[in-house]
Amino acid sequence: MDSVIAPLCLFIPLNCNNNKEKSYYCYYKSNRILNISTKNKIRFSVPSRAGIFNLKKFTAVSFRYDHRYRRGSSGCLRRAVMDSSNSASSPDMQKPKIVTGPGGYVLEDVPHLSDYIPDLPTYPNPLQDNPAYSVVKQYFVHVDDTVPQKIVVHKDGPRGVHFRRAGPRQRVYFDSDEVHACIVTCGGLCPGLNTVIREIVCGLYHMYGVKKVLGIDGGYRGFYAKNTVHLDPKVVNDIHKRGGTILGTSRGGHDTSKIVDSIQDRGINQVYIIGGDGTQKGAAVIFEEIRRRGLKVSVAGIPKTIDNDIPVIDKSFGFDTAVEEAQRAINAAHVESDSIENGIGLVKLMGRYSGFIAMYATLASRDVDCCLIPESPFYLEGPGGLFEYIEKRLKENGHMVIVIAEGAGQELLSESIQSMTLKDASGNKLLQDVGLWISQRIKDYFSKQRKMPINLKYIDPTYMIRAIPSNASDNVYCTLLAQSAVHGAMAGYTGFTSGLVNGRQTYIPFYRIIEKRNSVVVTDRMWARLLSSTNQPSFLCLKDSIEDTGDEEQSNQLLENGHCGEEGSLISKR
């Protein structure tokens, strides 16, 4: 049975006899009255202000009764209480908008301005008169289009979680002349930032005729501590050819009240926030405060993390560029190590919590003999340890290349207990330089214990990779992300992140983006492919192997990324 969760309301029957068909009045907190007619099943059409928007095909309501409201002698009075607390009655916290359908279908919908602002006017989408799009068939996205999170399902399994498909709608909730948009970039640098900025500006200008776009200088604190930058297609024309961000960036500086005050004072009604998981958490708080104040302001996020540690989405922009650029460092390390006796090339790549860059760069290179990532603990000495493996490879090949992610081996560092207590302005743990540490440990082991001469070259290309412009693949991806965010904001959606799910652009609620980190699954086939490529040991002791036997059952089950133990969440399905 198709169903949605009932919003908070009072169901008062007009008659309480035993007839099959009854009429109800549903009193919302806004005092608007909705007539409901039922026959065996309750059927209704919920206005958008009740918290559900444009869901015409889902017609049956699921609710439970609060028995504080009992049947009285004069009639029946019940209070419908949402199963998922999907009510606008608690303005301090975003409530998930969950829609269910047959076959285990679940839609995790995104908020809409009409959820908390009644009677908003709509306008025809300017794209219908745009000659560039006149030849596109079915350019406007259907209201019921959704994208599944899992594309691998069992024949008897549920259809699973879906997200709203991104793209332009036939009706928009902003008149182009009234739009005053702003763009802010936060956190560390990443290839593609300027491309996203450029495409947001050009998308607003060329597709929707929006002329007023501001750039917020210096991250979140720029809302209240710095001047803004006027942006138009002429200003951003060539910025995609440059690395970094023309708007500047920073960590921290998130003062919700000051930021929203600035948005309100400047008359801004569309906010585009580009950043990683910490930035998206800040965007979620900004959205909640805007909703609490009842402002007509759309908040759209564009996920940015070079480490690819944002969940749900296929990958983050800049990742392809980072893997490609990492090849240069690995190739240099290979040349150095191959040119001298017992040469070791050690490359440290980005990956504070997730080792995707190290893993994919290793697989792409085929010159790497050992890859160390945060998700796969290792040890140095003893049988099966790293030192034993290095000695074995040097005796076999005369050289070797090691790739290590910056977050790997932190528990082995002598000062790890102290370092774990220190954090940067974004709340990330300050890590010890594992590259320098492990380089010295390798040198000490072979010079003092094995009396074996080695030549180790350490390469750290971190800031070179972060600062380069995005490659062709990422440029196209950034364009899709930016334009999808613009379409969503103009259509009145808010509190969402634009992201690629199974090769389709979607709108994802903030809470799904910030609930956890994406990480390499070491029981996955992609990690097995890496181990097969490098021939490195798994570095699991017997005790760990016994504890991990329970994971074998999971390999035949659907993982959260929906790939049934396959490549993880990263292979692009384009």
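Along the sequence shown, the residues carry numbers beginning at 1.
- In terms of modelled atom types and a separation under 3.5 Å, the side chain of Asp367 and the main chain of Ile330 share no donor-acceptor contact.
- Heavy atoms only, all atoms of each residue included: Gly248 and Thr185 are closest at O-OG1, 2.9 Å.
- Checked against side chain to side chain contact (heavy atoms under 4.5 Å, CB included), Met464 has no partners two or more places apart in sequence or in another chain.
- Of all the heavy atoms in Val141 and Gly167, the pair that sits closest is CG2-CA, 3.5 Å.
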**Message:** Applying side-chain contact (heavy atoms from CB on, under 4.5 Å) to Val312 and Thr506, what does each step give before you reach the verdict?
**Reply:** CA-CA 11 Å; Val312 182; Thr506 63; over 6 Å; no

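- Cation-pi check for Lys315 over Tyr477 is met; the charged atom lies under 6.0 angstrom from the ring centroid and within 45 degrees of its normal.
- One finds no salt bridge joining Asp309 and Arg352 here, because no Lys/Arg side-chain nitrogen approaches an Asp/Glu carboxylate oxygen to under 4.0 Å.
- Atom CG of Asp307 is separated from atom OG of Ser354 by 6.5 Å, given to the nearest 0.5 angstrom.
- Shown here are the side chain to side chain contact (heavy atoms under 4.5 Å, CB included) partners of Pro374, two or more places apart in sequence or in another chain: Ala405, Ala408.
- Every residue meeting the side chain to side chain contact (heavy atoms under 4.5 Å, CB included) condition with Ile468, not counting sequence neighbours, appears here in chain and number order: Pro191, Thr321, Glu325.
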**Residues Thr494, Ser298; criterion side-chain hydrogen bond (donor to acceptor under 3.5 Å, both in side chains); working and verdict** = CA-CA 5 Å; Thr494 182; Ser298 285; 4.8 Å; no

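- Between Glu375 and Trp527 the shortest side-chain heavy-atom distance does not fall below 4.5 Å.
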**Prompt:** Yes or no on side-chain contact (heavy atoms from CB on, under 4.5 Å) for Leu530 and Gln536, after CA distance, side-chain angles and deciding distance?
**Reply:** CA-CA 9 Å; Leu530 180 140; Gln536 69 186 66; 3.9 Å; yes

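- For the pair Ile200 and Val196, the minimum side-chain heavy-atom distance is below 4.5 Å.
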**Request:** Carefully, step by step, assess Gln280 and Thr497 under the rule side-chain hydrogen bond (donor to acceptor under 3.5 Å, both in side chains).
**Result:** CA-CA 8 Å; Gln280 300 302 312; Thr497 294; 3.1 Å; yes

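- With a 4.5 Å cut-off on side-chain heavy atoms, Arg169 and Phe140 do not count as touching.
- The aromatic rings of Phe496 and Tyr493 stand perpendicular to each other, their planes meeting at an angle above 60°, with 30° marking the opposite boundary.
- Comment: Lys395 engages Glu391 in a salt bridge, judged by a side-chain N to carboxylate O separation of less than 4.0 angstrom.
- Between Leu189 and Thr245 there is a side-chain heavy-atom pair separated by less than 4.5 Å.
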**Request:** Go through the steps to decide whether Val106 and His162 satisfy the test side-chain contact (heavy atoms from CB on, under 4.5 Å), and finish with yes or no.
**Result:** CA-CA 6 Å; Val106 177; His162 291 62; 5.9 Å; no

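- No donor-acceptor pair under 3.5 Å is formed between the side chain of Gln483 and the backbone N or O of Glu199.
- The residue from Asn342, Ile442, Ile438 that alone fulfils the side chain to side chain contact (heavy atoms under 4.5 Å, CB included) condition with Leu456 is Ile442.
- Under the 4.5 Å side-chain criterion, counting only non-hydrogen atoms from C-beta, Arg441 is in contact with Leu380.
- In terms of the side-chain hydrogen bond (donor to acceptor under 3.5 Å, both in side chains) criterion, residue partners of Glu515 (sequence neighbours excluded) are, by chain and number, Arg512.
- Taking the ring axis of Tyr353 as reference, the NZ or CZ atom of Arg517 stays within 45° of it and closer than 6.0 Å to the ring centre.
- A search for side-chain hydrogen bond (donor to acceptor under 3.5 Å, both in side chains) contacts involving Tyr272 returns Gln270, not counting sequence neighbours.
- For Gly275 against Ile310, the heavy-atom pair with the smallest separation is O-CD1, 4.5 Å.
- The two residues Ile286 and Tyr220 come nearest to each other via the heavy atoms CD1-CE2, 3.6 Å.
- Side-chain contact between Phe510 and Pro111: absent, with no pair of heavy atoms (C-beta onward) separated by less than 4.5 Å.
- Residues satisfying the salt bridge (charged side-chain N to carboxylate O under 4.0 Å, His left out) criterion with Arg242, sequence neighbours excluded, are absent altogether.
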**Message:** Run Asp109 and Tyr507 through side-chain contact (heavy atoms from CB on, under 4.5 Å) and show every step you take.
**Reply:** CA-CA 8 Å; Asp109 207 356; Tyr507 298 140; over 6 Å; no

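- With contacts defined as side-chain heavy-atom distances shorter than 4.5 Å, the pair Tyr105/Leu107 qualifies.
- Using a 4.5 Å heavy-atom cutoff, the side chains of Ile183 and Leu247 are in contact.
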